[in-house]
Amino acid sequence: MSLALIAEQVLNGLQFGVMLFLMSAGLTLVFGVMGLINLAHGSLYMVGGFLCAAVAAWSGSFILGLAAALAGAAAAGVLVEVLVIRRLYARDHLDQVLATFALILIFSEGTRWIFGSFPLFLDVPAALSGPVSLPLGIQYPAYRLMIIIAGLAVALGLWILITRTRLGIRIRAGESDREMVAALGVDIAWLYTIVFALGAALAGLAGALVGAIQSVQIGMGEPVLILAFVVIVIGGIGSVKGALIGAILVGMTDTMGRFLLPPFFATFMENSSATTIGSSLASMLIYILMAGVLIFKPQGLFGGAS
Amino acid sequence: MIREKHLNSLIWLGMLLIPLAAWQMDQPYTITLATKICVLALAGVGLNIALGLGGMISLGHAAFFGIGGYAMGILASHAQSYAPIMEHPFLIEGTKSMLVIWIFAVVMSGLAALAIGALSLRTNGAYFIMITLAFGQMLYFFAISWPAYGGEDGLSIYVRNDFPGLNTLMPVQFFALCFGLLTLVIFLSSRLQNSRFGMALQATRQNENRTRAIGLTPYKIRLIAFVISGMICGLAGALSADLNRFVSPTMLSWHTSGEIMIFVILGGTGRLFAPLIGAAIYIMLEHFLGGISDYWQIFLGLLLLMVVLFAPGGVIGLLTRREAAHD
Amino acid sequence: MTDILDIRGISKSFGALQASDDISLSLKAGEIHALIGPNGAGKSTLINQIAGGLKPDSGTVNFNGQNITTLAAPARARLGLARTFQISQLASEMTVLQNAVFGALGADGRVSRFWQPVMKDKALLEAANSALNRVGLSHRSRERVSEISHGERRQLEVAVALSQHPKAFLMDEPMAGLGHGGSERLTGFLRELKHEAPILLVEHDMDAVFALADRISVLVYGKIIATGTADEIRSNPLVREAYLGEEGDVA
């Protein structure tokens with residue numbers, strides 16, 4: 001167990017966390033501002049991945065693919081918000097869950113109809129395909145490092161947006177008192193569409209970035225969606241800060257858990273059981289973490305009244 | 001417009017007579033389809049207690065369905081391989097007796113519901129939805145990564161389990177068994193709905209403040225309902241595993257949770273026979289539309305969307321044109 | 001006269017706002033103790049702390065000699081403290097009779113019964129029907145709560161509290177929204193009721209307050225500024241200045 005190996009896993013955990021943050025930020029904003037649970041968020045992640053792969057393959061440029069993913073996911077978000085989501089703000093959570101579950105079915109099967117059942121290929125851009133030399137003699141893939149940097153940049157950008165711009169003030173006001181904001185004459189409908197589209201764009205970006213290192217396939221958004229839920233439960237629904245901290249926590253716990261648990265069990269168990277028990281426990285670890293947080297703070301780490 | 005009681009009787013009779021007719025006409029596939037509807041409807045009846053009566057939006061109920069299935073899978077696979085489950089400190093062997101399997105399935109899923117419910121019900125609203133979803137997925141990933149019972153590939157049980165006096169391999173006999181169980185559970189759940197506990201549960205859903213003000217604790221009431229609901233889903237899971245002679249982690253996935261919820265919603269949340277008619281509609285859509293197009297789930301999604309947006313009382317609501325009856 | 005309810009030193013603040021400031025008052029057997037004060041004085045906050053929905057920062061609540069300060073609302077209700085809410089809290093999809101039966105069910109406490117139909121339970125039905133009779137709602141038993149008028153809902157709110165056979169009532173503006181006739185009827189009713197169980201009554205309707213109350217406490221900005229009989233309160237200069245002065249002359 002070398003230092004380099006541990007450092008690599010820590011960076012992987014960070015990269016995973018940052019990607020989860022991109023997913024969770026949109027989800028938590030939509031919930032905080034509009035009070036809406038959106039199960040179809042994972043579908044927007046998938047749309048981003050597919051658009052990036054398709055456009056990158058057609059144009060040969062990853063950057064163009066990324067742009068398409070951002071724009072396309074945002075556009076899909078706007079379309080879905082105007083056609084369906086709008087009608088759900090006044091409804092109870094059950095209706096929101098069911099309607100967005102229906103959207104998942106439509107998106108998944110629709111994508112399968114257009115692109116077929118097989119995964120699409122999306123390659124890491126050539127410029128970033130090699131390793132980068134970091135201090136302590138660690139070699140880390142440039143692309144993954146780029147994801148970490150991009151993700152942190154987005155976090156910074158979101159922070160500036162929310163704390164320093166007029167839109168951000170409206171978002172924060174909308175989170176604390178929906179009716180008041182409407183009464184003050186802010187165009188609520190437009191605000192909601194913008195927030196939803198922003199969340200969709202972030203999800204699409206995550207899908208595109210991750211598509212290059214995992215595969216772009218139908219249903220790719222679902223495991224990530226569930227993890228995003230775990231993140232915002234831990235971080236507190238409605239809190240972007242909570243989403244960042246929760247995401248890093250979840251990313252690290254999952255990555256380090258998978259890395260460290262099997263060898264840990266191997267120190268006092270024979271190898272095959274150790275691997276079995278270790279990896280089973282590792283796959284449940286973040287849920288145990290979530291349960292643990294909830295016992296002490298049922299509203300999450302930074303959750304207010306919901 | 002039709003009265004709900006009459007509609008319920010019609011649905012029940014239809015569910016009984018159509019497979020019997022298929023048996024006369026020697027169409028075993030229709031009987032199997034009907035059996036599938038019964039088993040899924042049973043899961044829906046379980047969910048309806050938590051969701052329809054209790055207002056608890058659990059997206060993780062497949063956990064209990066799957067635990068019931070795996071309870072069957074574990075007991076039956078050990079029986080079929082003649083290897084005991086445990087030798088120290090007690091000798092526990094497998095079994096292929098349905099009665100024993102059902103008891104085991106119900107107990108295990110009840111315990112799981114107790115654990116998951118005790119934790120999840122400390123939260124409410126959106127948190128509860130996400131937490132139940134997460135716990136369900138936790139079990140799903142665990143089942144995938146635990147190799148002893150097939151892991152991702154699942155587990156096959158070669159011969160259907162035994163029930164005294166029946167030849168369970170015969171489609172019509174197994175159908176009769178499932179239909180009988182479904183009828184019994186629907187009857188029991190109607191007694192529950194009208195009982196003291198049923199009143200407390202529904203009142204808690206409608207107004208928590210009132211429940212507290214008269215001296216009852218919402219948490220306890222919901223937890224009991226959640227456990228009962230989980231146990232019924234567990235029974236359904238065991239039957240489903242027996243029907244397909246196959247258990248896999250998919251039974252635990254949130255897609256399964258979503259599907260069970262779809263039956264209940266299509267039929268009309270909270271209505272006694274909603275799961276049956278919802279399951280019937282779902283299976284028939286899958287069978288007929290699925291035959292036409294591989295992408296039939298787009299239509300399912302559209303249908304669900306339409307029901308949620310424009311017909312929230314489900315099919316039964318549409319046909320009876322009244323809110324949920326209570327006399 | 002024993003103190004059924006003994007509230008001492010209750011304080012509660014929300015950030016910079018002192019909603020309850022060292023409040024002490026008592027409710028004696030056989031009396032109606034009215035709590036009055038301008039809007040925003042903190043009356044509902046106080047009722048919530050007595051009923052168990054809100055935890056005070058400091059102070060104690062004693063009920064029949066037992067310290068209930070740390071008990072949750074359901075436990076207090078089980079001990080015999082019934083409350084009505086300012087905004088009626090009823091099971092909206094159930095009928096009038098079912099709501100009253102539910103109240104009786106809470107008092108009975110045996111909820112884990114899964115087989116017998118609750119609406120055929122003789123004991124519960126008797127308690128419920130008797131309560132509905134007394135408030136004058138029997139003729140509406142079979143109506144769903146969503147179909148009855150606002151005034152009838154306020155009546156039902158009282159009936160549900162009645163069906164709990166409580167040892168004391170906390171009533172939060174029961175007259176709110178009742179017309180003149182309804183208020184008169186309720187006033188007559190409460191006058192009888194106090195002999196069964198004392199009532200801590202929060203009210204804005206001054207006619208009713210002065211007609212009913214054995215004692216009145218005046219709450220202003222979270223503090224009790226006066227407690228006494230109707231005459232004492234009417235002539236208290238502090239009270240006139242803070243509260244009654246705004247209302248003009250009260251007979």
Side-chain angles (χ1 to χ4, degrees), chain A residues 27 31 35-37 39 83-84 87-88 91-110 112-113 117 219 222-223 225-230 232-233 236-238 272 275-277 279-288 290-291 294-295 298-300 303 306, chain B residues 51-52 55-57 59 115-116 119-148 151 253-255 257-259 261-262 264-266 269 293-310 312:
Chain A
L27 205 56
F31 193 86
L36 179 102
I37 298 186
L39 292 185
L83 286 179
V84 178
R87 301 169 202 269
L88 298 174
R91 303 285 209 102
D92 62 16
H93 287 321
L94 178 60
D95 289 343
Q96 293 171 359
V97 161
L98 293 166
T100 52
F101 188 84
L103 285 176
I104 295 178
L105 292 175
I106 296 172
F107 266 108
S108 291
E109 293 301 291
R112 198 160 70 90
W113 184 46
S117 303
E222 288 165 30
L225 176 70
I226 307 222
L227 287 175
F229 281 146
V230 173
I232 73 181
V233 164
I237 298 182
S272 62
T275 323
T276 308
I277 295 182
S279 35
S280 295
L281 196 59
S283 61
M284 302 202 301
L285 201 57
I286 55 169
Y287 302 102
I288 298 174
M290 176 186 75
L294 286 175
I295 292 178
Q299 306 274 57
S306 76
Chain B
L51 178 65
M56 296 178 262
I57 306 171
L59 265 183
I116 292 178
L119 212 54
S120 310
L121 286 167
R122 289 161 55 87
T123 68
N124 49 29
Y127 287 96
F128 179 76
I129 299 174
M130 295 183 200
I131 286 156
T132 51
L133 175 58
F135 277 129
Q137 284 305 99
M138 174 181 92
L139 288 175
Y140 170 68
F141 287 122
F142 178 75
I144 287 183
S145 65
W146 192 258
S253 86
W254 73 302
H255 269 275
S257 289
E259 276 163 20
M261 216 179 256
I262 291 179
V264 173
I265 300 317
L266 279 181
T269 322
S293 159
D294 219 6
Y295 306 104
W296 72 279
Q297 294 217 326
I298 298 185
F299 298 106
L300 178 67
L302 281 167
L303 176 65
L304 180 61
L305 202 52
M306 292 301 119
V307 168
V308 171
L309 290 179
F310 305 117

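This one's a predicted model, so the numbers in the text were calculated from it and none came from an experiment. In what follows, chains are A, B, ... by sequence order, proteins preceding strands, each numbered from 1.
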Do [X] and [Y] have side-chain heavy atoms sitting under 4.5 Å apart?
{"X": "A:Ile106", "Y": "B:Leu305", "answer": "yes"}
{"X": "B:Arg122", "Y": "A:Leu294", "answer": "no"}
{"X": "B:Leu300", "Y": "A:Glu109", "answer": "no"}
{"X": "B:His255", "Y": "A:Glu222", "answer": "yes"}

Output the option from [options] having the highest count of non-hydrogen pairs under 4.5 Å with chain B.
{"options": "A:Ala282, A:Gly110, A:Ser283", "answer": "A:Ser283"}
{"options": "A:His93, A:Met290, A:Met284", "answer": "A:Met284"}
{"options": "A:Pro223, A:Ala102, A:Ala291, A:Ser108", "answer": "A:Ala102"}

Tell me whether the rings of B:Trp254 and A:Phe101 are parallel (<30°), tilted (30 to 60°) or perpendicular (>60°).
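The arrangement is perpendicular - the two ring planes meet at more than 60°.
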Just to verify, which of A:Asp95, A:Val97, A:Leu94, A:Val84 counts as forming a side-chain contact (heavy atoms from CB on, under 4.5 Å) with B:Val308?
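Among A:Asp95, A:Val97, A:Leu94, A:Val84, the one meeting side-chain contact (heavy atoms from CB on, under 4.5 Å) with B:Val308 is A:Asp95.
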Any side-chain to backbone donor/acceptor pair from B:Tyr127 onto A:Gln299? Under 3.5 Å, distance only.
yes
Interchain contact, [X] with chain A, by part (heavy-atom threshold 4.5 Å):
{"X": "B:Leu139", "answer": "neither"}
{"X": "B:Leu119", "answer": "side chain"}
{"X": "B:Leu309", "answer": "both"}
{"X": "B:Ile144", "answer": "neither"}
{"X": "B:Leu302", "answer": "both"}

Taking side chain as everything from C-beta outward and backbone as N, CA, C, O, which of these in [X] sits under 4.5 Å from a heavy atom of chain B? Side chain, backbone, both or neither.
{"X": "A:Val233", "result": "both"}
{"X": "A:Leu88", "result": "side chain"}
{"X": "A:Leu281", "result": "neither"}
{"X": "A:Leu83", "result": "neither"}

If you take all heavy atoms of [X] and [Y], which pair is closest and at what distance?
{"X": "A:Ser280", "Y": "B:Ser145", "value": "OG-OG, 3.2 Å"}
{"X": "B:Ala134", "Y": "A:Ile226", "value": "CA-CG2, 4.5 Å"}
{"X": "A:Ile37", "Y": "B:Ala126", "value": "CD1-CB, 3.6 Å"}

For chain A, which candidate among B:Leu303, B:Val307, B:Asp294 shows the most heavy-atom pairs at distances under 4.5 Å?
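The residue among B:Leu303, B:Val307, B:Asp294 with the greatest pair count is B:Asp294.
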Is there a side chain to side chain contact (heavy atoms under 4.5 Å, CB included) between A:Leu39 and B:Leu59 once you walk through the steps?
CA-CA 11 Å; A:Leu39 292 185; B:Leu59 265 183; 4.0 Å; yes
Is it true that atom CZ of B:Phe299 has more than 12 heavy atoms of other residues, nucleotides or ligands lying nearer than 6.0 Å?
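Counting neighbours around CZ of B:Phe299, 12 or fewer heavy atoms of other residues, nucleotides or ligands fall under 6.0 Å, so no.
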